[in-house]
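Letters go in sequence order (proteins before strands), and every chain restarts at 1.
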Amino acid sequence: MRHENDVFRALGDPSRRAIFEHLTKGEAAVRDLVAVFEISQPAISQHLAVLESAELVAKRKEGRLVFYRIKPAGLKPLVDWIATYQEFWLERALRLRKLLEEMDDE
Amino acid sequence: MSETKSFALDFDLPFPPKKVWRALTEPALMAKWIMPNNLKDAPKLGDSFQFKFDGPANEWWDGITHCEVQALELHKRIQYTWRGGPLDTVVEWTLFETPDGTRLHLVHSGFKPTDGHAQGGAEMGWKQKSKTLAKILGELS
């Protein structure tokens with residue numbers, strides 16, 4: 001069973017997020033992703049493995065080709081509004097601190 | 001009310017409570033660190049106002065958070081509802097004077113157990129998560 005952090009970690013990497021977003025347009029073979037992203041095949045495969053263990057993508061083999069596709073249910077269960085707002089306020093507090101530094105003193 | 005959840009965060013700020021209070025209640029300052037809003041003056045008890053999320057709206061949320069001031073103690077405490085999309089929550093800020101400045105205590109409450117399963121929320125959650133976590137980690141380290 002995947003943990004929320006797996007998904008977060010998977011999509012937190014910009015390259016992986018780009019690969020994931022590309023797959024939302026449709027299934028793609030690994031070699032096509034290599035061509036599109038101009039990253040080495042081992043690197044693409046590593047990214048896909050992380051996405052797969054986060055249950056965001058699924059693969060199928062056809063002969064010697066491996067195709068990856070989005071798992072539609074992948075993103076659904078993981079919104080945790082409490083976690084979302086914890087992060088929201090943590091980030092806002094950083095802005096608040098900066099603002100307080102810039103404000104004139106009373 | 002059926003069981004709801006809340007969380008608390010504390011921020012130690014090296015500034016006096018009156019200054020922190022200004023940031024919490026002056027509309028132009030609130031816009032800088034929370035979100036753009038439609039306040040003209042500092043909110044009073046019973047006032048309603050709105051924050052506008054500066055991200056894309058979707059079919060589950062128009063990006064507007066509706067707030068109504070439920071409690072207000074000058075320089076000490078302000079509490080307002082925080083309603084938008086699937087959320088019907090309450091935000092409470094309490095200020096404690098400390099030797100080094102102010103401890104700002106936040107309680108955000110009213111999250112229902114089902115507040116985790118809306119698809120629309122997932123998208124907003126991802127935008128929040130992926131944009132802010134990297135920044136937070138970067139600035140906290």
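Heavy atoms of other residues, nucleotides or ligands lying less than 6.0 angstrom from CD of E38(A) number 12 at most. Atom CZ of R60(A) is surrounded by more than 12 heavy atoms from other residues, nucleotides or ligands within 6.0 Å.
Residues V66(A) and V57(A) share a single hydrophobic cluster, defined by chaining ILVMFWY side chains whose heavy atoms lie under 4.5 Å apart. Under a hydrophobic clustering in which Ile, Leu, Val, Met, Phe, Trp and Tyr are joined whenever their side-chain heavy atoms come within less than 4.5 Å, directly or via other members, L48(A) and I70(A) fall into the same cluster. Side-chain heavy atoms closer than 4.5 Å link hydrophobic residues (I, L, V, M, F, W, Y) into clusters, and following such links, possibly through other members, connects I44(A) to V36(A). Linking Ile, Leu, Val, Met, Phe, Trp and Tyr residues whenever their side-chain heavy atoms come within less than 4.5 Å leaves V107(B) and F7(B) in two separate clusters. Hydrophobic clustering places L104(B) together with L29(B) (ILVMFWY residues linked when any side-chain heavy atoms are closer than 4.5 Å, directly or through intermediates).
Considering every non-hydrogen atom in both L13(B) and R97(A), the closest pair reads CD2-NH2, 4.1 Å. Here the shortest heavy-atom pairing between K19(B) and D104(A) reads CE-O, 3.6 Å. Closest approach of F11(B) and W89(A) over heavy atoms only: CZ-O, 3.8 Å.
Within the model, atoms CZ of R92(A) and CE of M35(B) stand 6.0 Å from one another, a figure rounded to the nearest 0.5 Å. Rounding to the nearest 0.5 angstrom, the gap separating the CZ atom in R22(B) from the CG atom in L100(A) is 9.5 Å. Taken from CE in M103(A) to CD in E26(B), the straight-line distance is 6.5 Å, to the nearest 0.5 Å.
Heavy-atom distances place both the backbone and the side chain of V20(B) under 4.5 Å from chain A. Using a 4.5 Å cut-off between heavy atoms, L24(B) does not touch chain A at all. Heavy-atom distances place the side chain of L99(A), and not its backbone, under 4.5 Å from chain B. Both the backbone and the side chain of I34(B) have a heavy atom closer than 4.5 Å to some heavy atom of chain A. For chain A, the nearby part of D12(B) is the backbone; its heavy atoms alone come within less than 4.5 Å.
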Note to self: Run F15(B) and E101(A) through side-chain contact (heavy atoms from CB on, under 4.5 Å) and show every step you take.
What the structure shows: CA-CA 8 Å; F15(B) 305 95; E101(A) 280 163 22; 3.6 Å; yes
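Ring pair Y85(A)/F111(B) is tilted by interplanar angle, where 30° to 60° counts as tilted.
A ring-centre distance under 6.0 Å is not found for W81(A) and W82(B).
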